[in-house]
Amino acid sequence: MYSQLFVEMESFQFTKTGQAACGDDIQIKVLKDENRYLAVLSDGLGSGVKAHVLANMTTTMALRYLQSNMDTLQSVETIMDSLPVCEVRKISYSTFSMIDLRLGGITRIVEMGNPQYIQLRGTEEVQPLKHETIVSKHWPDRQVECYELKMIPGDRLIVSSDGVTQSGLGEGPQYRFGWRRSGEMEYARARISSNPEISSFSLARSIAYQAYGISKNTCKDDISCMVIYMRKPRVMRLLTGPPFHKDHDIDFAKCANLGEEHTIVCGGTTANILERVIDRKVEIDISKLRRDDKLPPAGRLPGVAMVTEGILTLTRVCKALEDSEPTDSLPETARKIIEMMKQHDKIEFVVGTKVNEAHQDPSLPQDLELRRGIIRRISSALNQKFRKETEITFF
Amino acid sequence: MKKMQLEICCGTTCYMMGANRLLYIENEVPPELRGKFEVKALPCMGLCNDKNLSGAPYVKLNGIIIENATIEKICDKMRAMLDD
Ligand code: FES
């Protein structure tokens, strides 16, 4: 049951108003071979660049200790011993939550000073299997909360910094103690009940925005929310390029069968093959053309989300992924492809390998890379930068 | 009178060779041609690999291929068609 699952781990942050850097840090690591998903969220004391460096030191150390299965108390003490201590408050300079999720096994969460995590099954809160508070001999005034829990398919974990739970602090009687964990949980439950499949990113963003809104759209503290969602993987398919042998056209076209929201076709000849199979024509809407788009417009074909031009569009997508460009400034088609990729967990590329002779013409104003190469680069950027699973099938 | 049908190829080769500008032809034609034609964009029409043709971008005006298309060339063909 668990081998088919996907663990979606996403976060959203707001930086304290007026600061150049976020004083919270989040790091995630997937150990595929061990079926383990590790995440650490740390809140550096104070705000700005100094807090960011402290938070980042914490997440880096904590992730390493989690990975090497170091004893909990020992790792927490080592982290606290390594961080500088605030002269005034005599406390170490960061708080943190460490998550070690094991597919099919026990998930362990260790918290030091951070708000307690929330586990939701649908909209119901799930209590941990075990909870223990340990006190370090070195740091008797600091408590370490250790939880063991069972995550089953469909469960979500929400982990936030106190910028979320304390948002709105002092904003009228309703928020005398801030939004609190209970307010955050109520909000998350309402979001899930109106959209049971809500992605981790959308939920984390929505919670962070709500916290921001409660604080009257200013951040009195850094706001960070991370959501971990265990679910069936969302698969999309991108078809591009005509097959090397014409006889394979039909088999190639059959791959466009994942459903309208999960299929993209990149390339005119590719679209022509589908047109023939389904006996419909691509319709290109030029009413919303923008002069600065720099890529051919998108077309519509029943059964697929979008039809685009091939190599120029894919080259632009590749560059944007490799350089982590913000999608807002991209041409429409490239933006839509990347957004769709981000909404899916696994991207399957179905790639025809026939070379278009016209693209090899030296009089073209721009060199065109071969489709195969571009797809390999897109695939590795998706693996490495976006933790997406990919698969390439050549035709 | 039935409007002329102008199909502009938006495939890779045609787009790189200037079809991107042709897409705005409706704003650029002289007054006498305004409202006389309809523009449609198409994916690669398969002409870019035809060795007998002289070069992209390709458009079709009422089904007739125009090679190395420019706005001026298309306008000339439209006028000729209207005169017939
Ligand atoms: S790109 Fe225009 S005919 Fe092929």
Side-chain angles (χ1 to χ4, degrees), chain A residues 240-242 265-276 280-301 304 306-316 331 333 354-371 374, chain B residues 3-29 33-71 73-75 78:
Chain A
T240 183
V265 173
C266 299
T269 319
T270 323
N272 295 152
I273 296 173
L274 264 111
E275 282 179 325
R276 280 201 298 278
R280 296 286 284 275
K281 286 277 169 211
V282 172
E283 279 173 26
I284 298 182
D285 181 10
I286 52 168
S287 62
K288 294 189 202 81
L289 275 188
R290 294 190 313 203
R291 267 195 199 260
D292 51 354
D293 246 1
K294 303 219 170 61
L295 284 180
R300 299 262 320 131
L301 191 66
V304 304
M306 180 170 67
V307 175
T308 73
E309 177 275 341
I311 202 72
L312 297 171
T313 309
L314 291 170
T315 306
R316 189 69 189 87
T333 48
K354 184 157 187 229
V355 175
N356 187 335
E357 293 300 328
H359 293 181
Q360 307 310 312
D361 183 345
S363 65
L364 287 181
Q366 184 188 331
D367 281 343
L368 295 176
E369 199 176 323
L370 286 183
R371 204 178 291 275
I374 286 288
Chain B
K3 289 190 178 183
M4 291 179 281
Q5 299 297 313
L6 178 67
E7 296 173 315
I8 301 175
C9 175
C10 283
T12 311
T13 313
C14 292
Y15 194 81
M16 284 173 84
M17 297 305 284
N20 52 341
R21 285 192 302 277
L22 303 180
L23 288 169
Y24 298 95
I25 187 165
E26 276 170 312
N27 308 328
E28 317 225 344
V29 292
L33 291 175
R34 291 217 179 115
K36 301 266 165 59
F37 62 96
E38 262 169 15
V39 179
K40 214 168 146 191
L42 293 181
C44 173
M45 306 201 271
L47 302 172
C48 49
N49 271 314
D50 188 333
K51 301 267 175 342
N52 297 319
L53 296 172
S54 66
Y58 296 103
V59 304
K60 284 183 185 171
L61 184 62
N62 282 354
I64 299 165
I65 300 169
I66 305 179
E67 306 161 34
N68 287 314
T70 58
I71 294 196
K73 216 168 176 178
I74 299 169
C75 289
M78 284 182 180

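A, B, ... follow the sequence lines: proteins, then strands. Residue 1 opens every chain. What you see below is based on every heavy atom in this structure, not just the backbone, and it leaves out hydrogens, waters and symmetry mates.
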Heavy-atom cut-off 4.5 Å, strictly under: side chain, backbone, both or neither for A:K281 against chain B? neither

Heavy-atom neighbours of A:E369 CD exceed 12 at 6.0 Å: yes

Check the surroundings of atom CZ in A:R280: do more than 12 heavy atoms from other residues, nucleotides or ligands lie under 6.0 Å from it? no

Side chains of B:M17 and A:L364: closer than 4.5 Å at any heavy-atom pair? yes

Enclosure of A:K354 NZ (heavy-atom neighbours >12, cutoff 6.0 Å): no

Stepwise side-chain contact (heavy atoms from CB on, under 4.5 Å) check, A:I286 with B:V39: CA-CA 9 Å; A:I286 52 168; B:V39 179; 3.6 Å; yes

Has B:N27 got more than 12 heavy atoms of other residues, nucleotides or ligands less than 6.0 Å from its CG? yes

So which atom in A:P297 and which in B:L23 form the shortest heavy-atom distance, rounded to 0.1 Å? CD-CD1, 4.1 Å

Within the 4.5 Å heavy-atom criterion, are B:C48 and A:E357 side-chain neighbours or not? no

Top of B:A19, B:G55, B:A56, B:P43 for chain A proximity - count of heavy-atom pairs under 4.5 angstrom: B:P43

Under 4.5 Å from a heavy atom of chain A, the part of B:D50 involved: neither

Heavy atoms only, distances under 4.5 angstrom: which of A:V282, A:L289, A:T269 has the most pairs with chain B? Name it, please. A:L289

Side chain, backbone, both or neither of A:L295 within contact of chain B (heavy atoms, under 4.5 Å): backbone

Closest-packed option against chain B by number of heavy-atom pairs under 4.5 Å, given A:V307, A:N272, A:I311, A:L312: A:L312

Determine the option with the most heavy-atom pairs under 4.5 angstrom with chain B, choosing from A:K294, A:E275, A:E283, A:E309. A:E309

From B:T13 atom OG1 to A:D361 atom CG, the distance as rounded to the nearest 0.5 Å: 8.0 Å

